[in-house]
Amino acid sequence: MQDLRLIFRYSKPYRRDLIVAVGLLFLECGCEMVIPVLMSTLIDEGVPAHDMSIILRQGGLMALCAVLALVTGLLYARFAARYANGFAAELRLAEYAAVQKFDFANLDHFSTASLVTRMTTDATVLLNAVNTGLRPLVRSPLMLFMGLGMAFILSPRLTLVFLVATPILAVMLAWIVSKVAPLYGRQQSAVDHLNSRIQEGLTAIRVIKAFVRGDWENQQFEEVNAELSDASTETFRFAVLNMPSFQVVMYTCIVCIMWFGGNFILTGDMSVGQLTAFLSYVLQVLNSVMMFSGVFLQMTRSLASARRIREVLTEQPDLANAEQPVTEIENGAIDFENVSFKYNEQAEKNALSDITLHIPAGATVGIIGGTGSAKTTLVQLIPRLYDATAGTVKVGGRDVRVYDLAALRDAVGIVLQKNLLFSGTIRDNLKWGNPDATDDQLWEACRAARADEFLNRMPRGLDTDLGQGGVNVSGGQKQRLCIARTLLKHPKVLIFDDSTSAVDTATESGIRHALAELTDVTKLIIAQRISSVQSADLIVILDDGRLHAVGTHADLLAHDTIYQEIYQSQRKGGDAQ
């Protein structure tokens, strides 16, 4: 229940709608409770005496109560829908805002598919629980106590039937809930797996078609689909017992009441109208209890979804600003002082071990090494995407932990290994680097990144629509647009994480010449090709997360065996071509 209390804090802006909806429910229930009393008078006084005035008066009052109940019910539906949908919208917004604050380490805790499920399916479960459950949740207890009170006034002895039926109903409900509760969590996890498979299949659809693996993908999807189907079937196998169980008890109660009530009529202790009214209250009470049991099951499922949403909302970012953060980065000098890092505290081995390195402001540094040598990991510590496990990372002569996170990341431009563009035009994507950039500034950045070559061939230029994820441009064009976007930030530190791997050597050479003109920017270039870094002021070689060697191209080529091997293998590969 603590999860629900946390979640429902986000419904605060819509509490007025909730209060009005509950008030309307009270009015609706009051109108419905009056009808059996009016019907009792009509049957006991109007019908035997053939008095049309009583029949018309009581019938008119019953019709008026029914109309009032209908109107209040319709108004309730409107306010309840506003409350439920507003609450769900606030919840999704809060989840999305929480994810935006996550650090990379936080995102490692959740899969993308799971986050999508928590923001959509789980939020919809809570929306439906409120939208369909609020009415019986309020109405059922109200009708129960009002109906029992009115029934007790009519016949205290017949009311004893409820005292026998109530514990039976409670035991059945408790048994069903105990079976269903753990299954709802399993069902939502199966939805996560299904979404994950769909996401992966759609993202890699071109690869699947290229390797003719459609049948294999269908088989993989069939497995996760069957997992969700089996989980849902097992869940509802117990959940559906709720209705027939309650109906058995309800109709048994009615039979007992008819039996004992008929005897009371024969002995003169009860009139036909009173028994009719009593049966009306009985049906209202039992229907209310049955509806409440359905709400109880829905709340059980909501608890599973609420727990999953709460995990997102309460996840604390691993990285936080200092109490009095520094907002100005003096220059692009970078220092690693005995830095070690591992992604998980429980990991046995460090991804980086004992790195000590000084990079002066304005220098161009190449970083090379084999696959898995932690090149990307090293540069991710500079904009504080992760914090070093041990040691200190400094930018501009200060520990990165003393800076304001937004200011630090704004001063560090990074072109990621995986190039990402967003839906919209090229102009929209470039302005991620500088929202206030003019067209002249956009074109200047594109010329530096050599993106103007293909943009000039596009009829709409900067207003060309990229489609989702930049599907309308090639891999090399995407890389150049990402470089241009980063250059628009005018950062003090510029990191290229293998960002020219998809462009030809001539284009790469042009980009290098343009970058060389940025003398006040510290440039870190991660590359697989020595030709990409041989003109750098400094070349860093990483080997299995350790600093193997640092020097210029000439020094390393003369004295370092690993560098010599890489150079020779690439030169032979180039000669072979």
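Everything quoted here is computed from the prediction, not taken from an experiment.
Residues Lys431 and Asp428 are not paired through a salt bridge, judged by the lack of any N-O separation under 4.0 Å between the basic side chain and the carboxylate. Ion pair Lys342/Glu348 not flagged as a salt bridge, since none of the NZ, NE, NH1 or NH2 atoms sits closer than 4.0 Å to an Asp/Glu carboxylate oxygen. Under 4.0 Å is where a charged nitrogen must lie from a carboxylate oxygen, and between Glu217 and Arg197 at least one such pair does. A salt bridge links Asp399 and Arg401; the closest N-O separation between the charged side-chain nitrogens and carboxylate oxygens is under 4.0 Å.
Put simply, the side chain of Lys394 never gets that close to the backbone of Phe336: no donor and acceptor are under 3.5 Å apart. In this structure, the side chain of Arg447 does not engage the main chain of Asp452 through any donor-acceptor pair within 3.5 Å. A distance-only check finds a donor-acceptor pair linking the side chain of Asp560 to the backbone of Tyr563 [under 3.5 Å]. Listed for the Ser474 side chain is a donor-acceptor partner under 3.5 Å among the backbone atoms of Gln477. Remark: the backbone N or O of Phe110 is not paired with any side-chain donor or acceptor of Ser114 at under 3.5 angstrom. Ser232 places a side-chain N or O within donor-acceptor distance of the main-chain N or O of Leu228, the cut-off being under 3.5 Å. Proximity of a side-chain donor or acceptor of Arg457 to a complementary backbone N or O of Glu453 within less than 3.5 Å is detected. Within the 3.5 Å criterion, the main-chain N or O of Leu557 finds a donor-acceptor partner in the side chain of Gln564. Under the 3.5 Å distance criterion, the side-chain polar atoms of Lys375 are left unmatched by any main-chain donor or acceptor of Leu542. Looking at Asn218, its side chain does come within 3.5 Å of a backbone N or O of Gly214 through a donor-acceptor pair.
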| task | Given salt bridge (Lys or Arg N to Asp or Glu O under 4.0 Å), test Arg427 with Asp439 step by step and report yes or no. | result | CA-CA 9 Å; Arg427 186 194 308 276; Asp439 277 10; 2.4 Å; yes
| Taking it one step at a time, do Phe87 and Phe8 satisfy ring pair (Phe, Tyr, Trp, His ring centres under 6.0 Å)? | CA-CA 8 Å; Phe87 159 65; Phe8 276 96; 4.7 Å; yes
| request: For the pair Glu330 and Lys492, evaluate salt bridge (Lys or Arg N to Asp or Glu O under 4.0 Å) and give the outcome as yes or no after the intermediate values. | output: CA-CA 9 Å; Glu330 187 175 341; Lys492 289 184 169 61; over 6 Å; no
| task | Any chance you could lay out the salt bridge (Lys or Arg N to Asp or Glu O under 4.0 Å) test for Glu508 and Arg450, step after step, and finish with the verdict? | result | CA-CA 9 Å; Glu508 183 186 12; Arg450 299 302 186 262; over 6 Å; no
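The aromatic rings of Tyr343 and Tyr386 sit perpendicular to each other, their planes meeting at more than 60°, with 30° as the lower class boundary.
You'll find the side chain of Arg512 stays beyond 4.5 Å of the side chain of Ile525, heavy atoms only. Ile198 is listed as a side-chain neighbour of Phe221, based on a closest heavy-atom distance under 4.5 Å. Leu488 places a side-chain heavy atom less than 4.5 Å from the side chain of Leu442.
Few gaps surround CG on Asn456; more than 12 heavy atoms of other groups in view lie less than 6.0 Å from it.
Between the CG atom in Leu357 and the CG atom in Asn338 there is a gap of 12.0 Å [rounded to 0.5 Å].
Of the residues listed (Asp537, Leu524, Val550), the one engaging Ile359 in a side-chain contact (heavy atoms from CB on, under 4.5 Å) is Leu524, and it is the only one.
Closest heavy-atom contact between Ala374 and Ala351: CB-O, 3.4 Å. Closest heavy-atom contact between Arg92 and Ala123: CG-CB, 3.8 Å.
In this view, Tyr96 and Gln100, Met119 satisfy the side-chain contact (heavy atoms from CB on, under 4.5 Å) rule, not counting sequence neighbours.
A donor atom on one side chain and an acceptor atom on the other are not found under 3.5 Å apart for His553 and Tyr567. For the residue pair Ser11 / Tyr83, a side-chain donor-acceptor distance below 3.5 Å is found, with atom types taken as modelled.
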